[in-house]
Amino acid sequence: MSLTAGLFLLLMPPAWGQNGGGGTSKEKIEPPTVVDPGLKVDLFASDPLLRTPIGLTFTQDGKLLVIESNTHFRPPGYQGPEHDRILWMEDADNDGKAEKANVFFEGTSMTLDLATAPDGSVYVATRNEIFRLRDADGDGKAEQVDRKLVSLETDGNYPHNGLGGLAFDGNGGLYFGMGENLGAAYTLAGSDGSKHSDQGEGGNIFHATVEGGRLRRVATGFWNPFGVCVDSWGDVFATDNDPDSRPPCRLHHVIEGGDYGYQFRYGRSGLHPFISWDGELPGTLPMLAATGEAPCDITFYAPGATKGFRGLPAPWHGSLLVASWVDHTIEAYSLPDTAHAYLSAEKKVLVQGGNDFRPVAFATAPDGSIYVSDWVKRDYELHGKGRIWRISAKKATDLKGPLAVKSGIAWKQEQLDKILNKEKVTPLEAAEWLNDPNPWTFSAAITRMSREQDLLWILKDNKLPYPRQRQGLLLALSRDAKRTGAEPLLLPKEFLTDSDPTVRLLALKWVSDNRMADYKTDVEKLLTDPDLTPALFYAGITALGRLESEQIQEADLIKRLKARLSDAQTPYRLKRAALEILPDREHQLLAADLAPLLNEGDGASRSLSPRSSAPSATTTARACSDRSRLIPRSLPRPDPLH
């Protein structure tokens, strides 16, 4: 597991605490620094009153609840409670510091997030379940527990790549995230029997009713969408924690049917040609912004009218706040306006802490101030430390109404909704949408076409002249086949010989994703083409590997690439393609593996042979390939400005 992979576990899940009594730790604690001179940061609670806190929420009557994790990487000899707890951090004398940690609810394991619903109930996400708590009499204890509104069945058991990221849409619906589950097969079930099953596709964002019904997947292609939030206009945002070998971590605007590019089945490096991290592959979407390392929670800051307002000043309203666990920061992202709707969000640092500031989750208080849970230590195991900070205005004012304004993201979403929800779509409109260079329009068109079989029948029988249209048609056909479980209206075979290399790449991905065994001969034939681009060559190797083995991993694919390099029957051009696409090639190969290539090919490559009798792998690799990049330019990158 990478450093960031471990960190994100803190992002949403862990929080442990002690019941009753006790003040804060006697050790000297340096508060983080807030950049706005009108704000201050105060310590609200600290160990031993609570330890390793994660999720936070305020109840409708103003109680601050926090998850205390006692089950996340529990070390030998750990003396805390056996299960996780949800604590009510009580400040009875209103002096700005919690005196008691009352148990609101306990008994769960691998608890990751909690959120207060519009009706006042409290929703809790563990790794494998979303359930609901009610405190009808307001005594600070949950009397009613509604279990398994959503439940996850899987052999996966890693603590923090399951369910989390709870967010309500204001219309009787609940969004939530699910991590990559280490690629394990799973079935997600709603309370009404609705289900979704998959394996190896990476992280997802789902939607259900607040009762857990009508479960559906909204978007895919994440690693671990730990934080999910909804703004005042219903737009959905998420943090995505951990690109492993391919930084940065990502902030996303999440749309219906969106594919954000990552699939666990193609390895953790993020460097496979079937993986896209910033919209490189057609049909995938770029990030809204690059975040700090290990982003956890996310919240849209837009408090309403409040007397005695102690929240952030006007410039911060309408921002997305993100907790960066590794960078010790709370980041604020201002969204683009309508004229710049497709540009990135702009980042500013709101709070900067030292090495022992590890922010995880937010909760906005009734007075507009922000409470932040702090894991404190870099350790992933339970360690006995924990803090809660309060960010507030130095002087109280009266906020007469919301200050957040409608952003360009809301305008962009409205344009996409016109595609997704238009009552009648003509084949000409569909063809125009599919030819749009804008990745967002293209994505929405694919989602809409995948639900319109009549349109797909018409489009498939017309020779679409533009590669972009054929790429979109292929993606819509593949989604339609997955949705219906029926044979595709047009088979991948029709696209494997397309003149456009990206169409062929997407066709290979379709075959590989679904392990279409009947295509083994077609893939083998494609791999004999000496003019294949590096990306196509690796794509073919991958598809063939997945057709031949159920357990193939990224390391196995690399072995297959290396085998092609040493095979005398492999044409020289394909050896160069294998060399060019090989991830981390300077560590994967020895000079002896590469030396034979210096005696092949044209005179130009031979003239690059180093004079030393024992050339390094680095020198030899550069001599055999005129490019050193790992991701070839044969993968077109959509222009996000269109």
Side-chain angles (χ1 to χ4, degrees), residues 3-19 22-34 40-57 64-75 77-81 84-87 89 96-99 101 110-114 159-160 226-227 239 241 292-297 321-331 349-363 370-391:
L3 173 63
T4 54
L7 302 173
F8 57 41
L9 62 91
L10 319 171
L11 315 183
M12 306 178 63
W16 10 338
Q18 290 183 326
N19 192 17
T24 59
S25 170
K26 294 181 179 180
E27 67 178 301
K28 184 177 181 180
I29 299 174
E30 292 293 334
T33 301
V34 62
K40 61 178 181 172
V41 181
D42 297 306
L43 184 64
F44 177 72
S46 181
D47 54 89
L49 191 62
L50 83 163
R51 295 173 287 180
T52 48
I54 311 178
L56 293 174
T57 191
L64 178 64
L65 303 182
V66 57
I67 298 172
E68 176 185 85
S69 177
N70 295 292
T71 62
H72 188 283
F73 290 125
R74 187 181 177 103
Y78 178 71
Q79 298 299 311
D84 298 338
R85 305 188 297 178
I86 297 174
L87 303 176
M89 306 305 298
K97 294 186 181 297
E99 298 87 30
M110 292 187 256
T111 316
L112 300 180
D113 197 18
L114 77 169
H160 55 260
F226 285 144
T239 55
N241 187 331
E293 189 77 356
C296 304
D297 200 7
L321 303 182
V322 172
S324 173
W325 193 89
V326 170
D327 292 345
H328 320 288
T329 59
I330 295 173
E331 303 164 346
V349 172
L350 175 64
V351 175
Q352 177 69 63
N355 287 337
D356 284 343
F357 178 58
R358 304 278 176 175
V360 178
F362 304 113
I370 297 173
Y371 288 69
V372 184
S373 60
D374 181 0
W375 185 263
V376 180
K377 294 297 181 183
R378 181 173 179 169
D379 308 356
Y380 300 160
E381 288 186 337
L382 305 179
H383 48 65
K385 298 293 183 180
R387 297 166 190 161
I388 296 176
W389 301 93
R390 182 189 184 218
I391 305 168

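This one's a predicted model, so the numbers in the text were calculated from it and none came from an experiment. Keep in mind that the numbers below use all heavy atoms, side chains included, and drop hydrogens, waters and symmetry copies. In what follows, residues are counted from 1 in the order of the sequence shown.
In summary, K28 and E30 engage in a salt bridge, as defined by a charged side-chain N under 4.0 Å from a carboxylate O.
Counting heavy atoms from C-beta outward, L56 and L65 have side chains that stay 4.5 Å or more apart. Using a 4.5 Å cut-off on side-chain heavy atoms (C-beta onward), I391 and V351 make contact. Using a 4.5 Å heavy-atom cutoff, the side chains of T57 and V66 are not in contact. Under the 4.5 Å side-chain criterion, counting only non-hydrogen atoms from C-beta, V360 is not in contact with D297.
Distance CD1/I29 to CG/D356: 9.5 Å, rounded to 0.5 Å. Expressed to the nearest 0.5 Å, how far CZ of F44 lies from NZ of K97 amounts to 9.5 Å. Taking CZ of R387 as the start and OG of S373 as the end, the distance is 12.5 Å to the nearest 0.5 Å. Atom CG of L87 and atom CG of L64 lie 10.0 Å apart (nearest 0.5 Å). Note: T33 OG1 to K40 NZ = 15.0 Å, rounded to the nearest 0.5 Å. Remark: R378 CZ to H383 NE2 distance equals 12.5 Å, nearest 0.5 Å.
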Could you go through the side-chain contact (heavy atoms from CB on, under 4.5 Å) check for V349 and I330 one step at a time? CA-CA 6 Å; V349 172; I330 295 173; over 6 Å; no

side-chain contact (heavy atoms from CB on, under 4.5 Å) between I370 and L321, worked out: CA-CA 10 Å; I370 297 173; L321 303 182; 3.3 Å; yes

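Residue P81 comes nearest to N70 through the heavy atom pair O-CB, 3.2 Å, listed as atom of the first residue, atom of the second, then distance. Taking both residues in full, the closest heavy atoms of R358 and D374 are given as N-OD1, 2.7 Å, listed atom of the first, atom of the second, then distance. Considering all non-hydrogen atoms of both residues, H72 and P159 come closest at CD2-CB, 3.3 Å. The nearest pair of heavy atoms linking A45 to A98 is CB-CB, 4.1 Å. Residue H328 comes nearest to F357 through the heavy atom pair ND1-O, 3.0 Å, listed as atom of the first residue, atom of the second, then distance. Between D113 and G55, the shortest heavy-atom distance links the atoms OD1-CA, 4.4 Å.
Partners of P31 by side chain to side chain contact (heavy atoms under 4.5 Å, CB included), not counting sequence neighbours, listed by chain and number: W389. Residues forming a side chain to side chain contact (heavy atoms under 4.5 Å, CB included) with S324 (at least two apart in sequence, or on another chain): D327, T329, E331.
Aromatic rings from F362 and Y371 are positioned such that their centres are separated by 6.0 Å or more.
Under a 3.5 Å cut-off, the side chain of D42 and the backbone N or O of R390 do not form any donor-acceptor pair.
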